[in-house]
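Here is the structure we will look at.
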Amino acid sequence: MKTRRFLLLLPLLLAVVLVAGCKYQSPKQKAAAYLTTEIQKANKLMAGKYVDDITLCDAVLFNGKDVVYNFTYDEVRAQMTIRDFAETPQKDALDINLQLTWATNPSMAALKKLVKTLGGMIIYNYTGSQTGEGFTITIDPED
């Protein structure tokens, strides 16, 4: 009698274990899922908008590991090519500003931690509107 009950309960127990096991997500899976959602929201807010007088946000993307910000540098408005901009102290100031923002801004800490969990980077791509040339600034979440 006990054996029969056990045999009847065994498939039910296995089904419960399988369902519970399928719901488990590793920290990397959780980080990727959360980043996917948050980056989609950020993209809806930022894409197609100028973040300053000469920089248009094209898209904010998450590729499964890295968070990527794509910008167009409006060479007409700036009256300077992106190559010329890259050779000015302003480009160095932009790089330092982004590095410091990610290092010190508490509102960036959660995103930075998730990217770090995935072993990814925070990447800023800037492309000139006329020349198509560009440069990249990479933020290492380990720093």
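Within the structure, ring-ring contact (aromatic ring centres under 6.0 Å, His included) contacts touching residues 31-67 (residues at least two apart or in different chains) do not occur. Among residue pairs with one or both ends in residues 99-112, none qualify as salt bridge (charged side-chain N to carboxylate O under 4.0 Å, His left out); sequence neighbours excluded. Sorted by first and then second residue, the pairs that involve residues 26-47 and meet salt bridge (charged side-chain N to carboxylate O under 4.0 Å, His left out), not counting sequence neighbours, are E38-K41. Within the structure, every pair that satisfies the side-chain hydrogen bond (donor to acceptor under 3.5 Å, both in side chains) test and touches residues 89-98, not counting sequence neighbours, is listed here: D95-Q99.
Across A32 and T36, no two heavy atoms sit closer than the pair O-OG1, 2.7 Å. Smallest separation of non-hydrogen atoms from T101 and M108: CG2-CE, 3.8 Å. The two residues A47 and A59 have their closest heavy-atom pair at CB-CA, 4.4 Å. Of all heavy-atom pairs spanning L45 and K49, the tightest one is O-NZ, 3.0 Å. Contact record, K65 with G119: CE-O, 2.9 Å, taken as the closest heavy-atom pair.
Once rounded to the nearest 0.5 Å, the distance linking CZ of R83 with OG1 of T88 reads 14.0 Å. In this structure, CG on D74 lies 10.0 Å from CG on D53, to the nearest 0.5 angstrom. Remark: I137 CD1 to I139 CD1 distance equals 7.0 Å, nearest 0.5 Å.
One hydrophobic cluster holds both F135 and V51 under the rule that ILVMFWY side chains link at heavy-atom gaps under 4.5 Å. Linking Ile, Leu, Val, Met, Phe, Trp and Tyr whenever their side-chain heavy atoms come within less than 4.5 Å leaves L56 and M80 in two separate clusters. Following chains of ILVMFWY side-chain contacts shorter than 4.5 Å, one can reach F71 starting from F85, so the two form part of one hydrophobic cluster. V60 and L35 fall within a single hydrophobic cluster, where Ile, Leu, Val, Met, Phe, Trp and Tyr side chains are chained together by heavy-atom contacts under 4.5 Å.
Partners of D52 under the side chain to side chain contact (heavy atoms under 4.5 Å, CB included) rule, at least two apart in sequence or in another chain, are I54, T55. Here A31 pairs with L114, T117, L118 under the side chain to side chain contact (heavy atoms under 4.5 Å, CB included) rule; sequence neighbours left out. With sequence neighbours left out, D66 forms a salt bridge (Lys or Arg N to Asp or Glu O under 4.0 Å) with no residue at all. Partners of T104 under the side-chain hydrogen bond (donor to acceptor under 3.5 Å, both in side chains) rule, at least two apart in sequence or in another chain, do not exist in this structure. Scored by the side-chain hydrogen bond (donor to acceptor under 3.5 Å, both in side chains) test, T81 finds D84 as partners (sequence neighbours excluded). With sequence neighbours excluded, no residue forms a side chain to side chain contact (heavy atoms under 4.5 Å, CB included) with A110.
Clustering of Ile, Leu, Val, Met, Phe, Trp and Tyr side chains at separations under 4.5 Å places I96 together with L100.
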Donor-acceptor pairs under 3.5 Å, side chain of residues 120-130 to any protein atom, not counting sequence neighbours: which ones?
unit_1, atom_1, unit_2, atom_2, d
Y124, OH, W102, NE1, 2.9
N125, OD1, T136, OG1, 2.8
N125, ND2, N70, OD1, 2.9
S129, OG, Y73, O, 3.4
S129, OG, E75, N, 2.9

